[in-house]
Amino acid sequence: MTDSRYPSLAHWGAFTAVVKDGRVVGCEPFHADAAPSPMLNSIAEMQHSPLRVQRPAVRRGWLAGNREREGDDYVEVEWDHALDLVAGELARVRAEHGPGGIFGGSYGWSSAGRVHHARSLIRRFLFLGGGCVDQVGNYSWGAAQFLLPHVIGTFSPVSGDVTDWDSVLANTRVIVAFGGIPTKNSQVTSGGAGLHNLPAWLARVQAAGIRLVVLSPTRADVPDGIAAEWIPIRPNTDTALMLAMAHTLLVEGRHDASFLASHCVGADTWADYLTGAADGQPKDVQWAAGICGVPAPTITALARAIVAQRSLLTAAWSLQRAQHGEQPYWALIGLAALAGQIGLPGGGFAFGHASLNGIGQPRRRVPGPEVPVPKNPAQLAIPAARIADMLLSPGQPYDFNGARHTYPDIKLIYWAGGNPFHHHQDQNRLRRAWTKPDTVVVHESWWTPLARRADIVLPATTSLERCDVGGSSRDPYVFAMHRAVAPQGQARNDFDIFAALARRAGFHEAYTAGRDEMGWCRHVYDGMRGGCAERGVALPPFDEFWARGYAEVPAPDSPYVLFEDFRRDAQAHPLRTPSGKIELASEVVAGFGYADCPGHPVWLAPSEWLGAPVADTWPLHLLTNQPRHRLHSQLDPAALSRSSKIQGCEPISMHPEDAAARGIADGDRVRVFNARGACLAGVRLDAGMLPGVVQMSTGAWSDPDGDLDRHGNPNTLTADIGTSRLTQGSSAQTALVQIEAAPNLDQNLGPNLDPNPNPTLDVAAPHRAWELPRISPAAA
């Protein structure tokens with residue numbers, strides 16, 4: 001039988017699905033992609049995984065009225081019964097508690113396709129149905145999203161609106177990368193990508209003789225195969241180094257006073273802080289060296305280098321995922337302003353080159369495909385990273401971006417897309433919070449850690465089981481995603497599930513807008529096509545696009561330079577700040593009175609860092625990064641991700657000196673712990689780690705035994721605290737731990753852990769997280 005081929009798209013790349021006898025047998029990368037992600041090889045395996053949710057299922061304990069959502073078994077039910085249960089719960093909670101009793105949970109990584117983008121669909125459904133408690137911001141760059149509008153009038157640079165690589169290659173002579181530019185992160189982008197060309201751009205940077213300086217606690221953040229300079233720096237201390245560089249430029253008279261006067265406000269206020277006039281402590285290089293561990297002469301030389309030639313200062317998203325994470329981003333902008341190169345070709349600042357594919361990719365500024373989402377009539381939302389706080393503290397006040405809010409009392413969580421038992425910090429705290437609502441409803445394709453903590457599980461199709469249109473604003477392609485295989489079991493797509501519920505609630509027509517799946521595919525594409533036409537870009541008609549499988553947005557006529565117009569004429573092209581200029585000191589932020597985020601960039605010591613007193617007890621700083629072999633927790637059970645495990649556990653990178661001091665060897669299984677919990681890990685010795693720092697990728701499927709995660713989910717250890725009262729972002733990178741060998745798991749587990757974990761864990765067998773829960777057929 002001849003193989004059939006279907007174009008499609010994943011967050012880690014475009015591909016053609018090869019289907020034989022109704023099964024996906026391979027994925028061929030998009031022809032234009034010079035560096036396709038190896039994660040494409042995991043798609044076929046996960047498509048037909050035994051972990052797929054086959055039929056609607058209801059937790060047996062929920063039927064009996066209990067909220068203990070771990071370790072329970074499930075009863076399969078017919079679709080109509082499951083939908084009636086969900087519709088009944090939505091109606092009950094709305095009637096008894098209003099929209100403030102319903103939390104609409106989702107995260108944007110569920111689908112590269114925009115028609116079946118779960119976050120858009122669940123919000124469309126719940127908003128049209130009367131509203132709910134929504135999420136604002138995200139875990140990736142939540143601090144930046146709410147800080148940057150106060151400083152530069154927009155958060156668009158953090159989401160990819162930065163100076164093009166073409167401009168950098170032609171003009172830049174030195175790139176200073178805080179947090180590095182690890183090419184592994186360039187495998188993924190929300191909405192998918194046709195091109196993976198960061199390695200090629202970096203190779204051209206090296207060939208052009210551009211100096212690349214990487215400041216990071218680990219050499220792994222230096223791009224693969226690139227001869228960059230590595231400056232080790234203590235985690236969470238980048239702000240101190242930036243302040244010292246700014247101090248150097250200021251006191252040596254190397255700063256651009258003219259640019260500060262014409263394009264910035266608050267320079268004098270910040271200068272008083274830098275020189276110590278405001279608090280008696282000059283932020284000089286000797287001061288910074290004692291904090292960040294970088295020698296003072298190195299800081300001085302780097303400061304002089306960025307004004308001696310055209311320079312680009314860039315920071316990874318990870319820097320702002322820490323307590324006081326606003327400060328390094330604000331300080332980076334301030335340092336670039338002092339250097340005076342903002343708005344010049346190849347100069348100024350950028351964010352995210354280390355964090356996502358497509359950052360700096362030349363592309364015309366045209367819209368991407370998207371499903372329209374109406375306004376939330378309830379006008380209720382919490383910062384995305386404050387879920388556990390909300391569930392544990394209903395009725396309690398909290399501060400956010402200048403306003404005082406109150407946490408709602410959530411009775412029903414409705415989640416479609418994403419896995420909070422990966423993204424969220426302090427997983428043991430989240431597990432306790434998860435017992436508070438009456439009901440948890442989840443759409444899921446696999447029995448993930450989220451699905452097995454739900455009361456009603458509705459089986460959702462994968463991208464290969466439906467038609468869609470996908471694309472990213474960071475990539476020059478838009479893709480037709482053809483249905484390749486039939487839905488597995490009784491899976492239904494999210495759109496159809498919500499349409500059936502909307503019919504029960506009486507707003508089916510408003511939800512569907514009279515369109516079926518292909519009608520929405522055409523509508524979404526035509527919306528993008530119309531937006532492109534308004535900007536002088538012609539895309540082919542839908543039928544031609546669908547038959548070909550993709551359309552390409554032509555390259556821009558000239559390289560994009562961030563704030564080029566603003567630099568040329570600040571009066572004609574003001575920023576959307578109160579002053580219209582870059583706010584090195586913000587009267588608005590200062591007026592909020594937040595001690596944890598004052599009105600200009602400052603050094604604020606986090607509660608956990610290598611210079612804190614608590615480091616005597618927890619002497620290792622844990623960094624948690626995006627994995628190389630999966631996207632967040634997606635694909636963790638696949639062979640590629642499994643191949644990276646050590647003794648069945650997630651690897652942890654550790655300096656040989658730190659390991660030797662604890663009697664630990666390469667490949668040993670260890671217990672990583674702090675006051676919040678513990679997890680197992682497999683040691684990988686790495687002389688490229690700064691001593692005192694360890695690194696562990698996120699995304700191992702949660703496998704708790706008491707407060708111990710046996711699989712190696714590092715968010716068991718991270719702190720669930722907001723970056724500040726201003727932005728309430730994630731502080732995942734602010735975490736201290738201790739490590740010890742773990743040969744006998746039934747001993748010395750600490751007072752907060754289960755005293756009787758299984759000491760005979762079979763590391764060759766799947767973790768419990770990769771096993772099906774107990775499921776009773778509908779007849780039972």
Side-chain angles (χ1 to χ4, degrees), residues 58-59 61-69 72 81-107 118-119 121-137 373-400 403-418 420 424 429-443 450 453-458 497-498 500-508 510-511 728:
V58 180
R59 186 174 63 83
W62 179 77
L63 295 170
N66 79 58
R67 300 175 183 176
E68 294 299 326
R69 296 188 168 97
D72 207 345
H81 183 44
L83 292 170
D84 287 344
L85 288 174
V86 175
E89 275 297 277
L90 284 168
R92 177 188 70 81
V93 173
R94 283 198 188 282
E96 296 177 2
H97 305 281
I102 300 171
F103 180 64
S106 188
Y107 212 63
R119 175 162 167 76
L121 294 179
I122 190 172
R123 296 169 83 219
R124 180 178 176 83
F125 168 73
L126 291 174
F127 294 177
L128 288 172
C132 68
V133 178
D134 192 19
Q135 299 162 284
V136 294
V373 177
K375 291 184 178 180
N376 183 2
Q379 297 183 336
L380 296 170
I382 64 161
R386 302 274 60 80
I387 296 172
D389 284 358
M390 172 188 69
L391 296 176
L392 291 169
S393 305
Q396 293 300 306
Y398 69 98
D399 291 312
F400 173 50
R404 175 62 63 94
H405 303 271
T406 301
Y407 285 123
D409 190 0
I410 298 300
K411 302 300 181 182
L412 186 152
I413 295 175
Y414 200 141
W415 202 288
H424 199 70
R429 184 171 187 260
L430 179 63
R431 290 165 63 200
R432 294 190 292 272
W434 209 251
T435 66
K436 300 300 182 180
D438 297 341
T439 302
V440 177
V441 180
V442 167
H443 296 194
L450 172 63
R453 290 176 171 90
D455 300 315
I456 303 173
V457 183
L458 304 180
I497 295 171
F498 288 128
L501 290 169
R503 186 180 298 279
R504 283 166 168 78
F507 59 96
H508 179 267
Y511 175 76
Q728 294 288 359

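Values below: all heavy atoms of this structure, side chains included; hydrogens, waters and symmetry mates excluded. Position 1 is the first residue of the sequence; numbering continues from there.
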- Item | Donor-acceptor under 3.5 Å (Arg124 side chain, Tyr511 main chain) | yes

- Message: Return the CE to NZ distance between Met390 and Lys436, rounded to the nearest 0.5 Å.
- Response: 13.0 Å

- Query: Under 4.5 Å between any side-chain heavy atoms of Leu430 and Pro420, yes or no?
  - Reply: yes

- Message: Tell me whether the count of non-hydrogen atoms from other residues, nucleotides or ligands lying under 6.0 Å of CD in Glu96 goes above 12.
- Response: yes

- Query: Taking the side chain from Thr435 and the backbone from Glu68, do they hold a donor-acceptor pair closer than 3.5 Å?
  - Reply: no

- Carefully, step by step, assess Val440 and Arg453 under the rule side chain to side chain contact (heavy atoms under 4.5 Å, CB included). CA-CA 8 Å; Val440 177; Arg453 290 176 171 90; over 6 Å; no

- Message: Using modelled atom types and a 3.5 Å cut-off, is there a donor and acceptor pairing between side-chain atoms of Gln396 and backbone atoms of Tyr407?
- Response: no

- Item | pair Ile497-His443: side-chain heavy atoms closer than 4.5 Å | yes

- Query: Under 4.5 Å between any side-chain heavy atoms of Ile456 and Tyr414, yes or no?
  - Reply: no

- Task: Measure across Ala118 and Ser106 and return the closest heavy-atom pair with its distance rounded to 0.1 Å.
- Result: C-OG, 3.8 Å

- Between the CD1 atom in Ile387 and the CD atom in Gln135, the distance rounded to the nearest 0.5 Å is 5.0 Å

- Message: Just so I know, are the side chains of Tyr398 and Pro383 near enough to count as touching, which here means a heavy-atom distance under 4.5 Å?
- Response: yes

- Query: With sequence neighbours left out, what residues match Arg503 under side-chain contact (heavy atoms from CB on, under 4.5 Å)?
  - Reply: His508

- Starting at CZ of Arg94, measure out to CD1 of Ile102 and round the result to the nearest 0.5 Å. 4.0 Å

What pairs of donor and acceptor atoms, side-chain ones from residues 125-132 against any protein atom, are under 3.5 angstrom apart with sequence neighbours left out?
none

- Message: Would Arg429 and Asp389 count as a salt bridge (charged side-chain N to carboxylate O under 4.0 Å, His left out) here? Give the steps.
- Response: CA-CA 9 Å; Arg429 184 171 187 260; Asp389 284 358; 2.8 Å; yes

- Tell me, please, which residues at least two apart from Trp415 pass ring-ring contact (aromatic ring centres under 6.0 Å, His included). none

- Chi angles and distances behind the side chain to side chain contact (heavy atoms under 4.5 Å, CB included) call for Thr439, Val93: CA-CA 10 Å; Thr439 302; Val93 173; over 6 Å; no

- Item | Any donor-acceptor pair under 3.5 Å from Arg59 side chain to Asn66 backbone | yes

- Task: Report yes if the side chains of Leu501 and Leu83 come closer than 4.5 Å at any heavy-atom pair, otherwise no.
- Result: yes

- Closest heavy-atom contact between Val136 and Ala381? CG1-CB, 3.7 Å

- Query: Which atoms form the tightest heavy-atom contact between Gly100 and Val133, and what is the distance?
  - Reply: O-CG2, 3.7 Å

- Message: Just verifying a value: how many Å separate Arg67 CZ and Trp62 CH2, rounded to the nearest 0.5 Å?
- Response: 12.0 Å

- Query: Step by step, would you call Asp455 with Arg69 a side chain to side chain contact (heavy atoms under 4.5 Å, CB included)?
  - Reply: CA-CA 7 Å; Asp455 300 315; Arg69 296 188 168 97; 2.9 Å; yes

- Message: Looking at every heavy atom in both Ala416 and Phe498, which two are closest together, and how far apart are they?
- Response: CB-CZ, 4.3 Å

- Task: Please round to the nearest 0.5 Å and tell me the distance separating atom CG of Asp84 and atom CZ of Arg504.
- Result: 4.5 Å

- Looking only at non-hydrogen atoms, find the nearest pair between Gly104 and Asp134 and report the distance. O-OD1, 4.3 Å

- Task: Starting from the C-alpha separation in whole Å, work towards a yes-or-no answer on side chain to side chain contact (heavy atoms under 4.5 Å, CB included) for Phe103 and Leu380.
- Result: CA-CA 10 Å; Phe103 180 64; Leu380 296 170; over 6 Å; no

- Rounded distance (nearest 0.5 Å) linking atom CG of Leu391 with atom CG of Asp409: 9.5 Å

